[in-house]
Amino acid sequence: MKISEVVDQLNLKVFSGYKGLHKEILGAYTSDLLSDVMGNLNEGYIWITLQTHQNIMAVSSLKDASAILMVKGLSPEASTIKMSEEEGIPILGTELETFEISGKLFMLLNQ
Amino acid sequence: MMRTNYNVEGGDFTKAGNVASCVKKTLKQLNVNAKIIKRVVIALYEAEVNIVAHAYQGHVTIDIDDQYITMLLKDKGPGIEDIDLAMTQGFSTASAKVREMGFGAGMGLPNIKKNVDELTLESEINIGITLCLKVKLTE
């Protein structure tokens with residue numbers, strides 16, 4: 001499934017990185033600890049988190065994440081948006097809490 | 001053999017990951033196996049973040065030959081009091097601010113150890129740390 005389809009299906013906001021929306025999603029990983037994500041997120045995964053600072057872009061780029069999904073109505077910082085545009089890794093958003101959006105995405109990807 | 005040098009500024013989180021990013025690009029150009037690149041990137045990123053989070057400044061030397069990548073990270077900083085404890089999953093001396101950002105979970109050194117073939121760590125209190133990591137580039 002493409003990121004753009006997930007955006008439509010789960011009614012997500014797109015903050016930045018539009019040029020990466022055509023990418024395929026291979027799965028997702030939910031965590032707010034950067035080392036945990038470094039160790040466990042796989043290539044092509046969406047990263048679900050409440051972190052908003054620019055270091056999440058460095059991690060996403062190093063791990064070849066397909067997109068970042070921010071929970072609970074949080075917004076990325078300006079420096080994070082800038083890096084998202086440079087790297088072409090979209091930042092998405094939802095008003096839902098981590099548990100709810102992880103569950104919905106899990107159901108969607110395992111249909 | 002190819003040698004590159006980088007400086008890492010302590011406390012400057014905006015640049016954390018730059019060295020790992022450069023090395024990732026180089027290894028890709030050299031057509032190194034993707035799984036091996038992933039291991040190098042994880043270890044190097046964690047080591048780089050450790051300098052940013054704990055030291056005043058650091059110097060990274062990357063040597064690549066046809067068999068190994070050797071990553072030498074030297075920092076000026078507080079050093080590590082108890083290396084065994086620092087290698088323990090979950091142990092951290094990171095500040096509250098650093099932890100709020102999602103760093104300092106006590107997973108850095110364990111993550112490094114898991115992903116390299118050789119690790120040596122020397123520490124002098126109030127002087128700094130020398131960390132040497134080696135990963136075999138061929139399977």
Side-chain angles (χ1 to χ4, degrees), chain A residues 17 20 23-24 26-66 68-72 74-89 91 97-98 102, chain B residues 8 11-28 33-54 86-94 97-116:
Chain A
K23 279 185 282 188
E24 281 290 322
L26 304 174
Y29 193 72
T30 303
S31 180
D32 302 318
L33 298 176
L34 273 59
S35 285
D36 181 39
V37 174
M38 271 315 287
N40 298 300
L41 182 124
N42 292 331
E43 193 176 337
Y45 274 32
I46 291 186
W47 174 13
I48 301 172
T49 185
L50 53 68
Q51 299 290 357
T52 58
H53 54 82
Q54 74 171 79
N55 292 95
I56 60 173
M57 287 313 308
V59 170
S60 299
S61 166
L62 287 170
K63 298 297 288 183
D64 299 309
S66 61
I68 291 171
L69 173 48
M70 283 177 194
V71 298
K72 298 201 293 187
L74 292 163
S75 305
E77 290 168 17
S79 55
T80 316
I81 290 180
K82 188 170 168 273
M83 273 189 82
S84 158
E85 297 292 0
E86 284 167 12
E87 300 280 345
I89 300 175
I91 300 177
E97 292 188 3
T98 309
S102 296
Chain B
V8 178
D12 186 2
F13 278 94
T14 63
K15 290 183 185 135
N18 281 8
V19 179
S21 178
C22 288
V23 171
K24 181 185 174 186
K25 278 183 201 135
T26 305
L27 294 179
K28 269 192 172 174
N33 178 297
K35 275 186 188 159
I36 293 169
I37 297 180
K38 285 188 176 117
R39 289 172 52 216
V40 170
V41 164
I42 293 171
L44 190 53
Y45 178 78
E46 295 288 4
E48 201 181 335
V49 165
N50 278 349
I51 295 176
V52 175
H54 298 288
M87 297 298 293
T88 310
Q89 181 95 17
F91 177 82
S92 175
T93 57
K97 186 186 157 247
V98 168
R99 283 178 204 232
E100 257 173 46
M101 291 171 78
F103 294 109
M107 300 169 80
L109 280 171
N111 254 1
I112 292 171
K113 198 178 174 187
K114 210 184 296 174
N115 286 287
V116 299

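To find a chain, count down the sequence lines: A is the first, B the second, and so on, and within it residues start at 1. Keep in mind that this is a model prediction, so the values were computed, not measured.
- Applying the side chain to side chain contact (heavy atoms under 4.5 Å, CB included) test to K24(B) and every residue at least two apart in sequence or in another chain returns L62(A), D64(A), K28(B), I37(B), V41(B).
- Shown here for A16(B) and A58(A), the closest heavy-atom pair between the two residues is O-CB, 3.7 Å.
- Both the backbone and the side chain of F13(B) come within contact range of chain A, judged by heavy atoms closer than 4.5 Å.
- In this structure, G108(B) and S35(A) approach most closely via the heavy-atom pair N-OG, 4.1 Å.
- Atom CG of D32(A) sits about 15.0 Å away from atom CZ of R99(B), to the nearest 0.5 Å.
- Between atom CE of residue M101(B) and atom CD1 of residue I56(A) there is a gap of 10.5 Å, rounded to the nearest 0.5 Å.
- To the nearest 0.5 Å, the span separating CG on L33(A) from CE on M107(B) amounts to 6.5 Å.
- Heavy-atom contacts from other residues, nucleotides or ligands closer than 6.0 Å to CD of E97(A) number 12 or fewer.
- A distance-only check finds no donor-acceptor pair linking the side chain of N111(B) to the backbone of M38(A) [under 3.5 Å].
- Q54(A) and T14(B) get closest at one heavy-atom pair: NE2-O, 3.1 Å.
- Residues of residues 44-53 of chain A having a heavy atom under 4.5 Å from any heavy atom of chain B, listed by number: Q51(A), H53(A).
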